[in-house]
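Written below as structure tokens is the structure these notes are about.
Residues take their numbers from the sequence shown, with the count starting at 1.
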Amino acid sequence: MNINKKISVIGAGISGQGLALLAKNLGYDVFVSEQKNINDETKNLFTQNNINFEEGHSNKVFENVSEILVSAGISPKAEILLKAQELNIKIIGELDFVIPHIKSNKIICVTGSNGKSTVTSLIGHILNKAGLKAGAGGNLGTASAKFTQEKYDAVVLELSSFQLERANNNLRSCVSIITNLAPDHIDWHGSYENYVKAKAKILNLRDKNAFGIIQDRDVKLLNPSGNIITLSWNETPGHKFSGHIYMAEDKAFLILNGEKIKLFDYSDTNLIGSHNFENVAMSLTALNLLGLKNLPESKILLDGFKALPHRCEFAGELNGVIYIDDSKGTNVAASITAMKSINKRKIIILGGQGKGEIYNELAQTVKEECDGAVLIGEEANKIKLALENAGFDKKNIFMAGSSMEEAVNISVRIAKPGMCVLLSPACTSWDMYKSYKIRGEHFCKLVQEKIKN
């Protein structure tokens, strides 16, 4: 135990709370510093556990501390961290502090530009269906530190590029998954190269003989080694590794050690879109790699799992038109994937606050997949210009200002039976909403009101 050894935690969100409680349980004298206001529930949590805290960073962070713990999402450029570096105070990321204390011999780590939350949740779901006591969390919403409190047969952790950026120690993972790669969080990492480098740590820091699962198309970016399973829609992979996930026309197979194992029929899941079929295939492959025996058939393992909120989630049907909420599509790659994965002509709702991305590829996909584009938020004019430059018919571009109500009204008016209205903004929500969740909830509420009326 480290009685009276003082440690400071930067950030009082879910990650920071988990770090603070774990450090306290390990015997540290803990001090939490949060730049913004701390809600009453969190204050009570800290008070009940004799954890001191402050709102607004001050020099108290540095007083007699041996180490500083950084919760997920705190920018490396944050002034408080730069000052800690000047003072030569050791800075430790969430994963390096938590991973050694997780009470499970089977840790599965998941990251990716899109789909990581679905894969993390789905693996947890199928492990529980298989009769194991499994926990799923991390960046998903349950702090990784929670899994230090009791023993689990398996723990599945969603890891963000922010968390991985600060990871330097063994992740103890028996399977590491990168669902896919596309530009994201460039403002945080400084470049796409740095972003990929952070993501690649999930492979580089896995156990020596552990498997990695990646997209075949991402091999050149990641330059992986060791036991690697690639995924593609071709039976013969572009790169030769330990094994391959083959996405056939109506089912997926794992080809490993000369054996072709059927993973599942696409009809076994109620998830929407080919990208979700890939998520299911990676999840079931992870289960196979754990070496579990006498498993139920895939249809039983997948039963009861629904799309996570705001991730290509069915929002309703009106006059033969399906409405889909993909508000979590906050970058260009996510929205392109959503459009290409849904086999219907579409009206797409795009826009919000941008991340500095270029919309040329997005516009080209809209031209190929959609009959109309409804634009909202700060990026509306930039996206409109990209659509026009791509040759998308100007009369099929509709401006809805900063009104989701207007966007839905326009979509209902122009969508024809057999089509899909897809909210997949390719932008953050922060110009109009506090979160993508609130944006998606508002869209779904408006759709349901239309259906009822």
Side-chain angles (χ1 to χ4, degrees), residues 76 93 95 108-120 138-139 157-168 171 173 175-208 210-234 236-247 255 274-279 281-283 285-286 289 329-341 355-362 364-365 426:
L95 299 179
I108 300 166
C109 293
V110 183
T111 195
S113 299
N114 300 295
K116 57 186 177 292
S117 295
T118 296
V119 169
T120 301
N139 187 60
L157 296 177
E158 176 191 317
L159 305 182
S160 71
S161 59
F162 304 157
Q163 292 168 306
L164 287 165
E165 174 79 26
R166 293 192 174 98
N168 296 295
L171 295 172
S173 58
V175 180
S176 285
I177 301 171
I178 300 180
T179 57
N180 49 60
L181 289 173
D184 202 6
H185 303 302
I186 305 304
D187 52 346
W188 203 92
H189 291 282
S191 69
Y192 184 41
E193 182 182 21
N194 288 341
Y195 171 73
V196 171
K197 187 177 179 181
K199 291 290 193 184
K201 283 189 174 185
I202 205 169
L203 299 176
N204 300 335
L205 298 177
R206 73 191 194 273
D207 278 350
K208 184 177 180 181
F211 276 91
I213 304 173
I214 65 174
Q215 294 276 352
D216 189 73
R217 65 174 181 266
D218 291 334
V219 167
K220 290 184 179 179
L221 279 172
L222 294 167
N223 191 29
S225 60
N227 293 323
I228 295 292
I229 307 289
T230 58
L231 178 149
S232 78
W233 290 77
N234 299 313
T236 303
H239 305 85
K240 186 70 173 177
F241 286 101
S242 305
H244 181 60
I245 301 169
Y246 167 42
M247 306 298 297
I255 302 171
S274 58
H275 64 305
N276 272 321
F277 298 155
E278 294 180 358
N279 292 335
M282 286 185 165
S283 301
T285 295
L289 296 174
T330 58
N331 57 46
V332 166
S335 296
I336 288 174
T337 298
M339 282 187 278
K340 289 185 175 180
S341 296
K355 293 182 174 181
E357 292 192 87
I358 297 171
Y359 298 115
N360 296 351
E361 188 178 356
L362 177 76
Q364 187 59 43
T365 305

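- Screening H275, M282, R217 against N180 for a side chain to side chain contact (heavy atoms under 4.5 Å, CB included) leaves a single residue, R217.
- Put simply, the side chain of T111 never gets that close to the backbone of K199: no donor and acceptor are under 3.5 Å apart.
- When atom types are taken as modelled, the side chain of D218 and the backbone of L181 share a donor-acceptor pair closer than 3.5 angstrom.
- Under the 3.5 Å distance criterion, the side-chain polar atoms of S176 are matched with a main-chain donor or acceptor of I202.
- Remark: side-chain polar atoms of H189 are not paired, donor with acceptor, to backbone N or O of V196 under 3.5 angstrom.
- In this structure, D216 contributes its side chain and H239 its backbone to a donor-acceptor pair below 3.5 Å.
- Side-chain N or O atoms of S232 include none that pairs as donor or acceptor with a backbone N or O of P237 at under 3.5 Å.
- Counting heavy atoms from C-beta on, the side chains of I186 and Y192 come closer than 4.5 Å.
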CA sep, side-chain torsions, deciding dist, call: L222, I228, side-chain contact (heavy atoms from CB on, under 4.5 Å): CA-CA 11 Å; L222 294 167; I228 295 292; over 6 Å; no
Which is it for L231 and M247 under the side-chain contact (heavy atoms from CB on, under 4.5 Å) test, yes or no, and what are the steps along the way? CA-CA 7 Å; L231 178 149; M247 306 298 297; 3.9 Å; yes
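- In this structure, the side chain of K116 does not engage the main chain of S160 through any donor-acceptor pair within 3.5 Å.
- Across all non-hydrogen atoms, the minimal contact from A198 to L164 is O-CB, 3.3 Å.
- Judged by distance alone, with hydrogens and angles left aside, the side-chain atoms of D207 form no donor-acceptor pair with the main-chain N or O of A210 at under 3.5 Å.
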Apply side-chain contact (heavy atoms from CB on, under 4.5 Å) to R206 and V175, showing your working. CA-CA 7 Å; R206 73 191 194 273; V175 180; over 6 Å; no
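- N139 places no side-chain N or O within donor-acceptor distance of the main-chain N or O of E158, the cut-off being under 3.5 Å.
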Between L171 and L159, does the side-chain contact (heavy atoms from CB on, under 4.5 Å) criterion hold? Intermediate values first, please. CA-CA 11 Å; L171 295 172; L159 305 182; 4.3 Å; yes
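- Counting heavy atoms from C-beta on, the side chains of S113 and T179 never come closer than 4.5 Å.
- A heavy-atom distance below 4.5 Å is not found between the side chains of K197 and E165.
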